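Structure first, commentary second.
For this chain, numbers begin at 1 and follow the sequence in order. Just so you know, these numbers come straight off a predicted model, no measurement behind them. Both backbone and side-chain heavy atoms feed into the values below; hydrogens, waters and symmetry mates do not.
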Amino acid sequence: MKRPVIIRILLFLAAVAMVLILMPRRSQKLYDYETNRPWGHSLLTAPFDIPVYRDSISSREMRDSLEATFLPIFNREDGAAQPLFKALSKMTGITPEQRSELRSTLMQLYRDGIVTPEAFDELNNYNKIEVRFVDGNQLVRASARSFKTPRQAYAVIDSMFTAPELRKSIADIHLPSLLTPNVMLDTAATNQLFRERIQPVNAAIDVIQKGERIIDRGDRVTPQLYEILNTYEQMMKSRDFTSNRGDFFIILGQILFTILIFCALFSYLYLFRIKIWDDVKGMTAIITLLVAIYVLAAIVSPRLSGGIWLVPFAILPVVIVVLYDARTALYCHILEVLLCATFVSSTFEFIFLQTIAGMVSIFTLRELTKRSQLLRTAVAVFLVYVIGFVAVELMHTATLSSNVGRIIGYFAINSVLISFAYILIFVVEKLFGLTSLVTLVELCDINNPLLRELSEECPGTFQHSMSVSNLAGDAARKINANPLIVRAGALYHDIGKITNPAFFTENQHGVNPHDALPPEQSARIIISHVTEGKKLAEKDKLPSVLHDMILQHHGRGLVKYFYTMAQREHPDSKIDPEPFTYPGPNPQTREASLLMMADGVEAASRSLPEHTIESITELVNKIIDGQVDAGLHRESPISFRDIQTIKESFINRLRTIYHVRVAYPKQ
């Protein structure tokens, strides 16, 4: 098996495995639904009797009401004050009256109740002014206003008894440490009583009988229905309706779903984008981007409510449209959205919004030539998100939910992340060796060091390259080829002439060094500008697409002038054409074919004695038809219709360039 085939298989298996590992398991939830959203499934009837409980809002209100009026249970510990009164009887240095008054005050504090700081704080936090005490077999209510903590009780003693000898005696027995709580919270009894009181809140209020309708498609999932559906799913699970066998089929379905998605992607590339299919690096880049966004969605979605809206899905079509084309970008985006729809319950809303956002990002970014275009795209995507979300909300619920502000905030963050696609494009180019439209725009800048050197060393060649760029770029648009590739290829196709500028006609000034050389050596020098150009391109790390344009702009054509000269010098011998043939290969793309035609036509047009419509038309037809007859475009996907359109474009363009000027009268 060939190595590229193995790589594609491994790429396919790795992508499927990564998605399956992160794909959410649905064994805990049989249906996707949300409160106040339409039920998106078919009619659901009860397979058994289902108890109906209060919805979460009503239950919460009843629970809050019970908690607000519920009184905790406390116990009195009569022996808690004995160590204190025992120490009080041993106090010295005070009068009997002082001892009696202190004892009376302490007894009153214990009758009022001394509680722990924690119990005191809890009573205050819940505004409990009453509590319950166990009196025999009954619970009696008592005021909690007089409760004090040990610190507060000591503060009362300290403020009432100010005599020095009494303070000294109080300090001697360490009164603060002897003030222990005598009113204690009975946690077990309190919890038991609360469970008894809350039981009616949690009890069933109705029953849906077996065979009775629960909900049908399009019905709104009210809070009460939401609670019923939760109960239904819990009972299904408890009755083993979602057994291990069910889990197996769920996983099997996910495997088939994921395989179908990636089969659709691979089939599209093989059938409609064979260039990407043949480029393993390009395929790897697309799969990596697609899986990376899926991983991001898998990380964010379960950890943040509505977090799926933070994921910049539209950044995928932005990157792909810049690297490849709009159709591939849209196709990959739709597959990505379908994959990530498994993370959301409102699948219609998600697929609708993300599909529209992806389309808008492609429409606003057909050719990325300025960084400001990304900002425009980000703003357009944000507006589409907001309008689409509001539209779906109004269509489904006839109102805007309370979380609309938060979701719009997510959309804003999402759009900001999309504006950073410029950085992502650069990273992808460097990692996978791809060439984006941005890079081509930068390479077309004539201030590029290599082009500046060409203009200084070979001014005639530079002007020729500029003319070819304009001629070919105009025709590229008319046949729907890539004008940026054609323009960049035209600017760099002759950079190899920098090594020997004087040997090319456009750079000569009356002296032709070929006059002193045999035809074979002259042809070798002329042909070398292709190989030398390839070396310069590699040295300056130009994209591989420009390497191809340099090698293919003459294809396997002949250096006809010197081949003819050799035939004239040796009329009795058969001249081997190989030394006079460019190394090639012949053009492999429409853009390379277009560059070959423009190069030949532009160079030949300079030798016309007069530039009439007839002479220009005849020249264009002669050059291009000669290339076609020689089989130079046989390996290119260019069509006869494209060739006819190119001819017409060249003729019109050359007529404009070489138009006849009005002769000014002499004074």
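Residues Phe262 and Leu335 form no side-chain contact, since every pair of their non-hydrogen atoms from C-beta on lies 4.5 Å or further apart. Within the 4.5 Å cutoff, the side chain of Tyr294 has no heavy atoms near those of the Met18 side chain. The closest side-chain heavy-atom distance from Asn586 to Ser636 is not below 4.5 Å. Side-chain contact check for Leu296 versus Pro312: some heavy-atom pair is nearer than 4.5 Å. At least one side-chain heavy atom of Val280 sits less than 4.5 Å from a side-chain heavy atom of Thr284. Within the 4.5 Å cutoff, no side-chain heavy atoms of Phe420 are placed close to those of Ile315. Put simply, the side chain of Ile50 reaches to within 4.5 Å of the side chain of Ile214, judged on heavy atoms. With contacts defined as side-chain heavy-atom distances shorter than 4.5 Å, the pair Pro585/Gln552 qualifies.
Side-chain atoms of Ser361 and Thr377 include no donor-acceptor pair closer than 3.5 Å. In the model, His633 has a side-chain atom that pairs as donor or acceptor with a side-chain atom of Gln627 under 3.5 Å. Side chains of Asp642 and Ser639: a donor-acceptor N/O pair is present below 3.5 angstrom, by distance only. A donor and an acceptor atom, one from each side chain of Tyr385 and Gln354, are located under 3.5 Å apart. Thr439 and Glu429 are linked by a side-chain donor-acceptor pair at a separation below 3.5 angstrom, with hydrogens and angles left out of the test. Looking at Tyr492 and Ser465, their side chains never bring a donor and an acceptor atom within 3.5 Å of each other.
The aromatic rings of Trp309 and Phe350 sit tilted relative to each other, their planes meeting at an angle between 30° and 60°.
A salt bridge links Lys478 and Asp474; the closest N-O separation between the charged side-chain nitrogens and carboxylate oxygens is under 4.0 Å. Look at Arg273 and Asp325 and you find a salt bridge, because one of the NZ, NE, NH1 or NH2 atoms lies within 4.0 Å of a carboxylate O, short of that distance.
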Audit row: Met23, Phe257, side chain to side chain contact (heavy atoms under 4.5 Å, CB included) steps and yes/no: CA-CA 11 Å; Met23 186 168 285; Phe257 171 78; 4.0 Å; yes
Show, in sequence, the C-alpha distance, side-chain angles and deciding distance for Val620 and Met597, and conclude whether the side chain to side chain contact (heavy atoms under 4.5 Å, CB included) test is met. CA-CA 9 Å; Val620 170; Met597 296 176 191; over 6 Å; no
The test is side chain to side chain contact (heavy atoms under 4.5 Å, CB included); show your working for Glu393 and Glu349 and say whether it passes. CA-CA 9 Å; Glu393 284 286 301; Glu349 179 182 27; 4.0 Å; yes
Verdict with reasoning, His493 to Leu595, per side chain to side chain contact (heavy atoms under 4.5 Å, CB included): CA-CA 9 Å; His493 77 287; Leu595 175 59; 4.0 Å; yes
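The environment of Arg213 atom CZ is dense: over 12 non-hydrogen atoms of other residues, nucleotides or ligands sit within 6.0 angstrom.
Arg634 meets the salt bridge (Lys or Arg N to Asp or Glu O under 4.0 Å) test with no other residue; sequence neighbours excluded. For Asp55, there are no salt bridge (Lys or Arg N to Asp or Glu O under 4.0 Å) partners two or more places apart in sequence or in a different chain.
In this structure a side-chain-to-backbone donor-acceptor pair under 3.5 Å is present from Asn482 to Leu484. Checked by atom type and distance alone, the side chain of His547 pairs as donor or acceptor with a backbone atom of Leu542 at under 3.5 Å. Remark: side-chain polar atoms of Tyr331 are not paired, donor with acceptor, to backbone N or O of Tyr268 under 3.5 angstrom. Of the possible polar contacts, none joining the Thr355 side chain to the Phe352 backbone as a donor-acceptor pair under 3.5 Å is found. In this structure, the side chain of Asn414 does not engage the main chain of Tyr410 through any donor-acceptor pair within 3.5 Å.
Partner of Trp277 under the ring-ring contact (aromatic ring centres under 6.0 Å, His included) criterion, out of Tyr270, Phe272, Tyr324: Tyr270 alone.
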